[in-house]
Amino acid sequence: SSIRSGLPPAARPPRARARVAPSEVRARAMGCSGTKYATKTREGPPAAVTRSLSAEEQPRVTEEDEAAERAKVKAQQGRARRAGVAAESVDASKIKDYVKPVHPKEDARKQWLLNTIKTNEKVQVLFGHLEGERINDVVDACYTQEIAAGDDIIVQGGEGDKLYIVEEGSVDVFVKRPGVDTSEPRGPKVVTLGSGALFGELALLYNAPRAATVVAASNVKAFVLNAIDFKMLQVQSSQAQYAQYEGWLKEVDILKTLNHYELSRLADILESASFKGSEEIVKQGEAGDKFYILEDGTAAAFISGDDGEKQVLKYESKGSYFGEIALLTEAPRKATVRAGASGCNVVSVSKDDFSAVLGPIADILKKHADQYPQYADFLG
């Protein structure tokens, strides 16, 4: 079969957004699940309207029905729980004591690995939200392993604790499916992967057995990343991003009376978004509902009047903010803000989300009204 990159559909992880909120990254890496660490719960479609049944319309439940239902419940309780995201929880003390591994590489190999991580679609699911020093930490944590032709690299059903990126050579992937008779004990071969291909990534995302057997089709040279390093780097990256967000929030005039706990809660609900060059972020005259902080790139504010549109302000520094009045009022925007020529990334919070977490900002400001004369008109 031809050499190509990627696992068969059955073995592929679900697609994920490139940019992930820091609380979600931290929750995944620490082995948490459920809504406790969710940054925001979006409402689904309205439930269908149903009519209550009268007593006469209610179906009759017999003793046999009840016994059958109890048997179903008992059987369900005996089943193993579905594997959760992140194979192993990370202890807080381990995070504190963790030292980032640095495995030396020649410049050319390091650049090859960095380019692969940045361009491979499957790798983007894992590392797409990382930039700069954080992505270099991942490259440094990868080490080289050489595998002889014919050797098993991973075995279906086995415990997974590493991911592999093929640098040289090729590997064959076999998947054994229940009920399918085959003379090959590993199951039929489903694909051959070549240089630049990644496999074993499910071990980093889910506490589940290996989904396939991968065998070196030739002598193979691969980069390897241990699951524990992946998790530790994810958590540390998330913590660094939190600290950066809190630092930016502290500099916003309207938020300067918030304490550390309030700022950390606000950092937790910030949502990240990307805008293309010259794309509108807010539009003059429209009702304001969000406050924005520039994460990277540039943006500029424009005001339209009788003499046409004029640029009145430029945002070039990380942490620059605009639209904060939207937390106080839904008055029309006084200016249009567009992304710079190369685009930008921003984080934002809506008035509703802010109020849900900390209460109305106007009530907070009223307690310190003497410190905020510039917002007097909005405080009533």
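Scope of the values below: all heavy atoms of this structure, side chains included, with no hydrogens, waters or symmetry mates.
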Q: Group every Ile, Leu, Val, Met, Phe, Trp and Tyr by side-chain heavy-atom contacts under 4.5 Å, then state whether L270 and F354 land in the same group.
A: yes
Q: Of the non-hydrogen atoms in T213 and R186, which two are nearest, and what is the gap between them?
A: CG2-CD, 3.8 Å
Q: Report yes or no: is the cationic atom of R338 (NZ for Lys, CZ for Arg) closer than 6.0 Å to the six-membered ring centre of F275, at no more than 45° off its axis?
A: no
Q: So if I apply the side-chain contact (heavy atoms from CB on, under 4.5 Å) rule between L266 and each of V357, L258, D353, which one comes out positive?
A: L258
Q: When rounded to the nearest 0.5 angstrom, what is the spacing between CD1 in I165 and CZ in F199?
A: 10.0 Å
Q: Could you walk me through whether K110 and L114 pass the side chain to side chain contact (heavy atoms under 4.5 Å, CB included) test, one step at a time?
A: CA-CA 6 Å; K110 187 171 184 177; L114 185 61; 5.7 Å; no
Q: Flag the pair T144 / V224 as yes when at least one side-chain heavy-atom distance between them is below 4.5 Å, and no otherwise.
A: no
Q: Would you say F291 and L255 make side-chain contact, with heavy atoms under 4.5 Å?
A: yes
Q: Determine the minimum heavy-atom distance between I281 and A339, stating which atoms define it.
A: CD1-N, 4.0 Å
Q: Between D140 and K105, is there a side-chain N and carboxylate O pair less than 4.0 Å apart?
A: no
Q: Evaluate whether atom CG of N259 has more than 12 neighbouring non-hydrogen atoms of other residues, nucleotides or ligands under 6.0 angstrom away.
A: yes
Q: When hydrophobic residues are tied together by side-chain contacts of less than 4.5 Å, even through go-betweens, does Y245 share a cluster with I293?
A: yes
Q: Would you say the ring centroid of F322 lies under 6.0 angstrom from that of Y315?
A: yes
Q: Could you tell me whether the side chain of V171 reaches within less than 4.5 Å of the side chain of V215, counting heavy atoms only?
A: no
Q: Is any side-chain heavy atom of E146 less than 4.5 Å from a side-chain heavy atom of E168?
A: no
Q: Is there side-chain contact between E280 and T336, with heavy atoms separated by less than 4.5 Å?
A: yes
Q: If you compare all heavy atoms of V347 against all heavy atoms of E295, which two are closest, and at what distance to 0.1 Å?
A: CG1-OE1, 3.6 Å
Q: Run the side chain to side chain contact (heavy atoms under 4.5 Å, CB included) test on K250 and L263 for me, step by step, so that the C-alpha distance in whole Å, both residues' side-chain angles and the decisive distance to 0.1 Å come before the verdict.
A: CA-CA 8 Å; K250 285 179 184 178; L263 288 171; 3.4 Å; yes
Q: Mind running side chain to side chain contact (heavy atoms under 4.5 Å, CB included) on L163 and F230 for me, showing each step along the way?
A: CA-CA 9 Å; L163 77 76; F230 168 79; 5.6 Å; no
Q: As an exercise, state the distance from CD of Q284 to CD1 of I303, rounded to the nearest 0.5 Å.
A: 6.0 Å
Q: What are the two closest heavy atoms between T116 and G196, and how far apart are they?
A: CG2-O, 3.8 Å
Q: Just by distance, with hydrogens left out, do N226 and Y143 show a side-chain donor and acceptor under 3.5 Å apart?
A: yes
Q: Taking the side chain as every heavy atom from C-beta outward, state whether W248 and K318 have any pair of such atoms under 4.5 Å apart.
A: yes
Q: Using the side chain to side chain contact (heavy atoms under 4.5 Å, CB included) rule, take E167 and W112 through it: C-alpha gap first, then chi angles, then the decisive distance, then the call.
A: CA-CA 9 Å; E167 182 183 14; W112 181 91; 4.2 Å; yes
Q: Which distance, rounded to the nearest 0.5 Å, do you find between the NZ of K162 and the CD of Q145?
A: 7.0 Å
Q: Give a yes or no on this: more than 12 heavy atoms of other residues, nucleotides or ligands lie within 6.0 Å of atom CD of E159.
A: no
Q: Please determine whether residues L202 and F223 belong to a single hydrophobic cluster, defined as Ile, Leu, Val, Met, Phe, Trp and Tyr linked transitively by side-chain heavy-atom distances below 4.5 Å.
A: yes
Q: Any side-chain heavy atom of P101 within less than 4.5 Å of one from H103?
A: yes
Q: Of all the heavy-atom pairs spanning L294 and S317, show the shortest one and how long it is.
A: CD2-O, 3.6 Å
Q: Under 4.5 Å between side-chain heavy atoms, counting indirect links through other Ile/Leu/Val/Met/Phe/Trp/Tyr residues: same cluster for V282 and V346 or not?
A: yes
Q: Distance check, rounded to the nearest 0.5 Å: S320 atom OG versus E251 atom CD?
A: 11.0 Å
Q: So which atom in V175 and which in A212 form the shortest heavy-atom distance, rounded to 0.1 Å?
A: CG2-CB, 3.7 Å
Q: One thing to verify: whether E106 and R109 come together as a salt bridge, which I'm taking to mean a side-chain N less than 4.0 angstrom from a carboxylate O.
A: yes
Q: Could you tell me whether the side chain of S274 reaches within less than 4.5 Å of the side chain of N345, counting heavy atoms only?
A: yes
Q: How many angstroms lie between atom OG of S348 and atom NZ of K290, to the nearest 0.5 angstrom?
A: 4.0 Å
Q: In terms of side-chain heavy atoms, does N115 have a donor or acceptor partner in Q111 at a distance below 3.5 Å?
A: yes
Q: About how many Å separate OG of S304 and NZ of K283, when rounded to the nearest 0.5 Å?
A: 9.5 Å
Q: Between K351 and D289, is there a salt bridge with N-O shorter than 4.0 Å?
A: no
Q: Could you tell me whether the side chains of D172 and T192 share a donor-acceptor contact shorter than 3.5 Å?
A: yes
Q: Do Y164 and V155 share a hydrophobic cluster (ILVMFWY, side-chain heavy atoms under 4.5 Å, transitive)?
A: no
Q: Check I153, I154, V191 against V173 for a side-chain contact (heavy atoms from CB on, under 4.5 Å) and give me the one that passes.
A: V191
